[in-house]
Structures are given as C-alpha cells and as structure tokens.
Peer 1: 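Take a look at the following structure, please.
Since this is a predicted model, take the numbers as computed values, not measurements. Any value given below was found using the heavy atoms of this structure, including those in side chains, with hydrogens, waters and symmetry copies removed.
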Amino acid sequence: MGFAQRVYQVVAAIPYGRVTTYGQVARLAGSPRAARQVGGLLCRLPEGSRLPWHRVINRFGLCSLQGEDLQRQLALLQAEGVPAAADCPLDLARYGWPD
DNA sequence: AGGTTGACCGGTT
DNA sequence: AAACCGGCCAACC
C-alpha cells in the first residue's frame, strides 16, 4: 500500500470530536517527515469523500485553510463539539488525538 | 524528464 | 525567540 492509502486510513481513524495534526498523520502513516504531503493529499480529495479531513489541523492548533474552505471546516468541527475558531488555537492536549 | 509548488514539521542556527 | 533548512510526495506544467 502506498503512502496516500496509508494516510487515508489514518485520517479515517481519527475519532469523532477529536483533531490531530498533519505531522501526526504523517507519523502514523509511517513517514514522519511528510506532513506537507498530507496536506497535499487532503487538498485534492474528491468532492464527495467521506473522509473526516476536517479533523486534521496544523501543529499550532489552527486550521490551515482559508476563505470558504476554512468556514466549512470550522462548521464541521463545531458540529461535533470541537470549539474551533479562526483565530483562537485549539488546545491539542484536550481535543487532540492521543497516541 | 526535470522543475515547481503546496492544507507542514522538527531540528538547528 | 525568530528565522532558516531539509525532508518527502503527488500533481501539474
């Protein structure tokens, strides 16, 4: 299985109401330095994908998206009880996906 | 075929 | 404390 498939599996396994970082997804996918590529993959997900891409944020606890996409991500997170905001970083110790 | 460009990160200056 | 640097992968010129 290739890198992309492993990333999809890891993202699919992020629990409801939790978030994780690009770096951790990369780590769990077996390629610790490939955080950027994780973003690249999620960026080009097909429209109707059932993958919980919105649970992946950056190492500062903020969403890396902008504009309309950012609003969509915030809404999805809020809908599952995660107090995500555009400006205020999430506490990863509280909402993060523990190893 | 080779260069560029990203939803990034960690370690080292 | 802030800037820098190399990695790693896929897609698109």
Side-chain angles (χ1 to χ4, degrees):
Chain A
M1 206 174 17
F3 175 72
Q5 312 303 317
R6 297 199 304 275
V7 166
Y8 297 147
Q9 280 193 305
V10 170
V11 173
I14 307 171
Y16 182 96
R18 288 300 181 107
V19 296
T20 193
T21 66
Y22 296 97
Q24 175 157 171
V25 171
R27 220 169 19 257
L28 295 177
S31 192
R33 307 272 151 91
R36 191 181 182 107
Q37 292 62 244
V38 173
L41 289 173
L42 296 186
C43 176
R44 309 187 258 286
L45 279 182
E47 264 306 322
S49 176
R50 228 86 93 262
L51 216 63
W53 55 268
H54 57 280
R55 302 188 187 137
V56 185
I57 65 181
N58 67 29
R59 69 172 153 171
F60 304 115
L62 294 168
C63 301
S64 292
L65 281 71
Q66 295 183 3
E68 203 81 28
D69 292 326
L70 172 60
Q71 301 312 316
R72 197 150 50 244
Q73 180 172 28
L74 294 176
L76 286 166
L77 286 173
Q78 288 159 3
E80 37 188 270
V82 179
D87 40 8
C88 176
L90 279 174
D91 181 8
L92 288 174
R94 163 129 67 180
Y95 297 103
W97 184 24
D99 314 29

Peer 1: Please list, in numerical order, the residues of residues 54-87 of chain A that have a heavy atom closer than 4.0 Å to any atom of DNA chain C.
Peer 2: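 Contacting residues: none.
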
Peer 1: Taking only residues two or more places apart in sequence or in another chain, which ones pass side chain to side chain contact (heavy atoms under 4.5 Å, CB included) with A/P89?
Peer 2: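 Side chain to side chain contact (heavy atoms under 4.5 Å, CB included) list for A/P89, sorted by chain: A/L62.
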
Peer 1: Tell me the side-chain hydrogen bond (donor to acceptor under 3.5 Å, both in side chains) pairs involving residues 67-77 of chain A, sequence neighbours left out?
Peer 2: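 The answer is A/D69-A/R72.
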
Peer 1: Would you please name every residue forming a side chain to side chain contact (heavy atoms under 4.5 Å, CB included) with A/A13, sequence neighbours left out?
Peer 2: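 Per chain and number, A/A13 pairs via side chain to side chain contact (heavy atoms under 4.5 Å, CB included) with A/W97.
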
Peer 1: Using links of under 4.5 Å between side-chain heavy atoms of ILVMFWY residues, direct or through other members, which residues join A/M1 in one cluster?
Peer 2: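 Noted: A/M1 shares its cluster with no other residue.
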
Peer 1: Applying a strict under-4.5 Å side-chain criterion to I, L, V, M, F, W and Y, I'd like to know whether A/L65 and A/L45 cluster together.
Peer 2: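 Result: yes, single cluster for both.
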
Peer 1: Donor-acceptor pairs under 3.5 Å, side chain of residues 29-37 of chain A to any protein atom, not counting sequence neighbours: which ones?
Peer 2:
| from | atom 1 | to | atom 2 | distance (Å) |
| --- | --- | --- | --- | --- |
| A/Q37 | NE2 | A/A34 | O | 3.2 |

Peer 1: Once side-chain hydrogen bond (donor to acceptor under 3.5 Å, both in side chains) is applied, what residue pairs with a partner in residues 52-61 of chain A remain, sequence neighbours excluded?
Peer 2: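 Checked against side-chain hydrogen bond (donor to acceptor under 3.5 Å, both in side chains) - neighbours excluded - the pairs reaching residues 52-61 of chain A are A/H54-A/E80, A/R55-A/E80, A/N58-A/S64.
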
Peer 1: Tell me, please, the opening and closing nucleotides of DNA chain C, 5' to 3', among those with an atom under 4.0 angstrom from a non-hydrogen atom of chain A.
Peer 2: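 Taking any atom under 4.0 Å from a heavy atom of chain A, the span is C/dG7 to C/dA11.
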
Peer 1: Return the residues of residues 37-46 of chain A meeting this criterion: a heavy atom under 4.0 Å from some atom of DNA chain B. Order them by number, or give none.
Peer 2: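 Those residues whose heavy atoms fall under 4.0 Å from DNA chain B, taken from residues 37-46 of chain A in numerical order, are A/G39, A/L42, A/C43.
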
Peer 1: Going by side-chain hydrogen bond (donor to acceptor under 3.5 Å, both in side chains), name the pairs with one or both residues in residues 1-17 of chain A, residues two or more places apart or in two chains.
Peer 2: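 Pairs touching residues 1-17 of chain A that pass the test: none.
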
Peer 1: Considering only the C1' atoms, how many Å lie between B/dA7 and C/dA3, rounded to the nearest integer?
Peer 2: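 After rounding to an integer number of Å, I get 22 Å for this pair.
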
Peer 1: For a quick check of understanding: with a heavy-atom distance under 4.0 Å over all strands, which category does A/Y22 fall into, base, sugar-phosphate or nothing?
Peer 2: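 Base contact - A/Y22 has a heavy atom under 4.0 Å of at least one base atom.
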
Peer 1: Looking at A/L51, A/T20, A/V19, which one forms a side-chain contact (heavy atoms from CB on, under 4.5 Å) with A/I14?
Peer 2: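 So the option named by the test is A/T20.
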
Peer 1: Can you list every pair that meets side-chain hydrogen bond (donor to acceptor under 3.5 Å, both in side chains) and has a residue in residues 39-49 of chain A, with sequence neighbours left out?
Peer 2: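 Sorted pair list comes back empty.
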
Peer 1: Distance from A/L92 atom CG to A/T21 atom OG1, nearest 0.5 Å?
Peer 2: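 A/L92 atom CG to A/T21 atom OG1 measures 7.0 Å (nearest 0.5 Å).
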
Peer 1: So if I take residues 24-36 of chain A and measure heavy-atom distances to DNA chain B, which residues fall below 4.0 Å?
Peer 2: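 A/R27, A/A35, A/R36 - these, ordered by number, are the residues of the stretch whose heavy atoms sit under 4.0 Å from the strand.
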
